[in-house]
Amino acid sequence: MKNKKLSPEYLFEISWEVCNKVGGIYTVVSTKARTLANEEGIEAIYIGPDLWKEKTNPLFKEDKRMWKGWVKKAAEESIGVRCGYWEIPGRPKVMLVDYTPYFDKKEALYAELWNDFQVDSLHGYGDYDDSMMFGHAVGCLIESFYNYYLNKDNKVVVQAHEWQSGAAALYVKKHLPQVGTIFTTHATSIGRSIASNGKPLYDYFEGYNGDQMAAELNVQSKHSVEKQTAHNVDCFTTVSDLTARECEQLIERKIDVVLENGFEKDFVPSGAAFTKKRNAARKLRIAVAEALTGTKISDDALLLGLGGRMEMRNKGIDLFLQAIRGLRDVKELDRDIIAFIDVPAWMDTAREDLAERLSSAASEWETALENPFITHKLHNMNEDAIVCAIRSLGLDKIEGRVKVIYAPCYLNGSDGIFNQSYYDLLIGNDLSVYPSYYEPWGYTPLESVAFRIPTITTNLAGFGLWVNSLLGRQGELGDGVAVIQRGDSNYFEMSDVITKTICKFAVQNTSEVDAIRKNAAKIADKALWKCFILNYFDAYDCALQQAEKRKNV
């Protein structure tokens with residue numbers, strides 16, 4: 001008879017992005033929190049860095065009554081921690097730790113990590129020191145909490161996300177061997193570095209050695225703590241089969257469990273509210289495009305979207321722009337197409353000339369504004385990678401039916417031009433394009449299909465591979481997710497494929513588009529946390545089984 005799976009009574013989940021909205025890991029941890037809160041018998045506690053301290057953090061509500069006795073004890077142990085609630089759905093309990101005092105002991109701590117786990121900190125720079133001190137502080141915090149409230153009869157799991165939390169997992173491994181440890185890498189530091197430096201990651205994949213490439217690309221320390229954490233925890237996990245292969249080659253340990261990234265769709269409106277928000281977003285998008293370009297754009301214009309982090313190659317922004325350039329050569333195109341790039345950059349301020357046009361009573365203009373492709377001023381206009389690509393491809397010229405609009409701002413509702421959140425604008429798109437070169441998972445295409453917006457992604461994105469496995473074949477436009485077969489040597493071929501896919505979608509009739517949109521939503525429903533959370537329980541069991549063995553030694 002198969003043994004019953006072990007489940008934690010206490011779960012400590014660590015991330016630099018707890019109450020700190022930086023990137024995709026924030027979405028992973030925060031959206032999963034509510035689903036996990038519904039699981040009986042698990043006390044889930046999230047731990048992040050106290051970066052705000054005396055300033056108000058809108059994502060954190062302190063409760064000085066929470067674990068009051070222990071907090072006082074922790075202070076006596078020189079552990080600075082604030083406890084309270086993460087202001088997200090489910091309001092999970094959080095601890096924010098002050099890691100700065102540990103800088104005074106940095107060299108001794110690095111020596112200890114070398115002696116215990118051969119973590120090489122000699123080549124650390126940039127955010128390495130902050131992350132390592134954060135990890136050590138979290139380890140001390142968990143040990144203090146454990147000694148105050150818990151004992152070896154309690155089933156406890158610590159899950160550390162990304163290399164920034166690796167030192168915490170290693171500390172727990174050394175000082176609390178009765179606790180199960182999980183390390184989740186969302187993207188290997190060396191894999192991302194290879195891709196970001198323009199090297200062919202896939203054609204020569206089997207020939208890469210992680211240690212060698214880390215030295216060549218000057219990421220030895222990040223790679224070292226990531227690799228040693230992976231080799232020393234009880235359960236090593238990642239977010240997709242794509243990254244699992246990367247981990248085996250570059251970190252030299254097989255993944256124990258793949259933890260795909262789910263989401264909750266409570267942020268997606270339904271019924272009449274959906275239609276109202278979609279219409280409003282389309283109207284605003286078109287108004288901004290008209291004000292910038294000085295041209296009248298038809299109400300049935302095809303609105304394309306790409307959003308995310310500023311990584312030209314990894315996120316496929318370069319390929320997207322190349323495909324848009326290809327659209328201008330399609331002679332039979334009889335529909336306006338506006339391609340929106342929502343990628344935060346080194347923004348200065350909103351454009352006064354654009355804001356003035358948008359607030360005026362006029363609805364048409366005879367001339368375009370200067371630089372009629374960008375909504376905000378930049379500090380580095382002539383060096384910005386997207387601006388340079390737009391200009392080099394001639395997409396800064398207002399001609400024909402295809403136009404590009406670059407919004408280099410955080411769409412947080414107060415950018416000065418759109419003044420809407422990202423999701424409130426995303427809903428207005430007709431089709432999204434995320435032709436990633438390096439993408440361990442890919443929340444942006446998943447969010448797109450959640451809003452019933454069909455998407456084009458690639459087989460080099462974890463989400464794209466997951467869609468293919470879900471369908472049992474390569475995803476096509478009619479499925480709601482088209483998965484193109486990108487590689488190291490087919491850049492222009494894939495540009496043509498994207499151009500043709502957009503053209504194909506542009507001529508679909510209303511009923512065909514509705515069917516595609518419904519299929520997109522069906523795929524999104526398969527990626528809800530209620531579907532993926534079971535994999536986490538496999539990871540918890542994996543970690544606890546190993547911890548139980550140590551208890552009996």
Side-chain angles (χ1 to χ4, degrees), residues 12 14-18 20 22 25 47-54 71 73-82 95-147 158-177 179 181 183-185 188-190 192-193 210-233 236 250-253:
F12 296 95
I14 312 159
S15 171
W16 186 261
E17 299 189 32
V18 168
N20 180 33
V22 177
I25 298 174
I47 307 175
D50 195 354
L51 302 175
W52 294 69
K53 296 184 180 175
E54 300 306 318
V71 171
K73 175 68 172 176
E76 294 170 358
E77 298 169 352
S78 299
I79 299 171
V81 59
R82 291 194 296 155
M95 300 174 179
L96 299 185
V97 63
D98 180 10
Y99 60 87
T100 55
Y102 294 95
F103 278 106
D104 293 340
K105 300 188 289 184
K106 182 181 72 172
E107 300 306 325
L109 294 177
Y110 284 165
E112 189 176 335
L113 275 168
W114 171 257
N115 291 330
D116 292 336
F117 299 105
Q118 289 72 61
V119 173
D120 171 14
S121 298
L122 287 176
H123 304 91
Y125 62 92
D127 58 347
Y128 181 80
D129 287 343
D130 283 272
S131 298
M132 296 300 284
M133 295 307 101
F134 165 64
H136 181 80
V138 172
C140 294
L141 179 151
I142 292 174
E143 181 184 32
S144 174
F145 185 94
Y146 184 96
N147 289 336
V158 167
Q159 180 171 11
H161 290 271
E162 286 286 73
W163 69 268
Q164 291 95 331
S165 304
L170 293 176
Y171 186 100
V172 171
K173 171 77 172 182
K174 177 181 177 180
H175 295 277
L176 296 171
V179 171
T181 51
F183 178 49
T184 302
T185 182
T188 68
S189 58
I190 186 57
R192 187 185 293 280
S193 295
D211 297 345
Q212 177 185 337
M213 292 308 299
E216 180 179 329
L217 298 174
N218 197 26
V219 290
Q220 298 103 308
S221 293
K222 292 180 181 180
H223 171 68
S224 180
V225 69
E226 183 177 49
K227 181 176 180 179
Q228 297 309 321
T229 305
H231 281 263
N232 281 282
V233 293
F236 182 36
L250 300 176
I251 294 182
E252 300 177 77
R253 177 177 170 179

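Taking the six-membered ring where tryptophan is involved, the planes of Y128 and Y110 are tilted, since the angle between them lies from 30° to 60°.
Residues F134 and I14 are in side-chain contact: their nearest non-hydrogen atoms beyond the backbone lie under 4.5 Å apart. Put simply, the side chain of W16 reaches to within 4.5 Å of the side chain of D130, judged on heavy atoms. In this structure, K106 and L109 have side chains that are not in contact, with every pair of non-hydrogen atoms separated by 4.5 Å or more. Counting heavy atoms from C-beta on, the side chains of K222 and D127 come closer than 4.5 Å. Side chains of M213 and L250 form no contact here, defined as non-hydrogen atoms less than 4.5 Å apart. Side-chain atoms of Y125 and N218, non-hydrogen and from C-beta on, do get closer than 4.5 Å to each other. The shortest distance between side-chain heavy atoms of Y102 and M132 does not fall below 4.5 Å. For the pair M133/T100, no side-chain contact is recorded, criterion being any heavy-atom separation below 4.5 Å from C-beta on.
For H161, the ring pair (Phe, Tyr, Trp, His ring centres under 6.0 Å) partners two or more places apart in sequence, or in a different chain, are H186.
The CG atom of D98 lies 9.5 Å from the CG atom of L51; values are rounded to the nearest 0.5 Å. The CG atom of L217 sits 10.0 Å away from atom CD of Q212, with the distance rounded to the nearest 0.5 Å. Between F117 atom CZ and S224 atom OG the span is 12.0 Å, to the nearest 0.5 Å. Distance check, rounded to the nearest 0.5 Å: NZ of K174 to OG1 of T181 gives 15.0 Å. Separation of atoms CG (D50) and CE (M95) is listed at 13.0 Å; rounding is to 0.5 Å. For the atom pair Q159 CD and S15 OG, the distance stands at 10.0 Å (nearest 0.5 Å).
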Q: Could you give me the CA-CA distance, side-chain angles and deciding distance for I251 and F236, then say whether side chain to side chain contact (heavy atoms under 4.5 Å, CB included) is met?
A: CA-CA 11 Å; I251 294 182; F236 182 36; 4.2 Å; yes
Q: Evaluate the side chain to side chain contact (heavy atoms under 4.5 Å, CB included) criterion for residues E252 and H231: first the C-alpha distance (whole Å), next the side-chain angles of each, then the deciding distance (0.1 Å), finally the verdict.
A: CA-CA 8 Å; E252 300 177 77; H231 281 263; 4.2 Å; yes
Q: Starting from the C-alpha separation in whole Å, work towards a yes-or-no answer on side chain to side chain contact (heavy atoms under 4.5 Å, CB included) for L170 and L113.
A: CA-CA 8 Å; L170 293 176; L113 275 168; 4.1 Å; yes
Q | Trace of the side chain to side chain contact (heavy atoms under 4.5 Å, CB included) decision for I47 with V18 | A | CA-CA 6 Å; I47 307 175; V18 168; 6.0 Å; no
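Taking each heavy atom of V233 and A169 in turn, the nearest pair found is CG1-CB, 4.0 Å. Taking every heavy atom of both residues into account, V119 and W114 meet most closely at O-CE3, 3.5 Å. Across every non-hydrogen atom of S221 and G124, the tightest pair is OG-N, 2.9 Å.
Legend: side chain to side chain donor-acceptor pair (under 3.5 Å) pairs involving residues 164-173, not counting sequence neighbours, sorted by first then second residue: E143-Y171.
E226 contributes a side-chain N or O that, together with a main-chain N or O of S189, makes up a donor-acceptor pair within less than 3.5 Å. Side-chain atoms of Y146 do not come within 3.5 Å of backbone N or O of V179 as any donor-acceptor pair. No donor-acceptor pair under 3.5 Å is formed between the side chain of T185 and the backbone N or O of E162. Panel note: side chain T229, backbone V225; a donor-acceptor pair is recorded below 3.5 Å. Under the 3.5 Å distance criterion, the side-chain polar atoms of R253 are left unmatched by any main-chain donor or acceptor of K227.
Other residues, nucleotides and ligands place no more than 12 heavy atoms under 6.0 Å from the NZ atom of K73.
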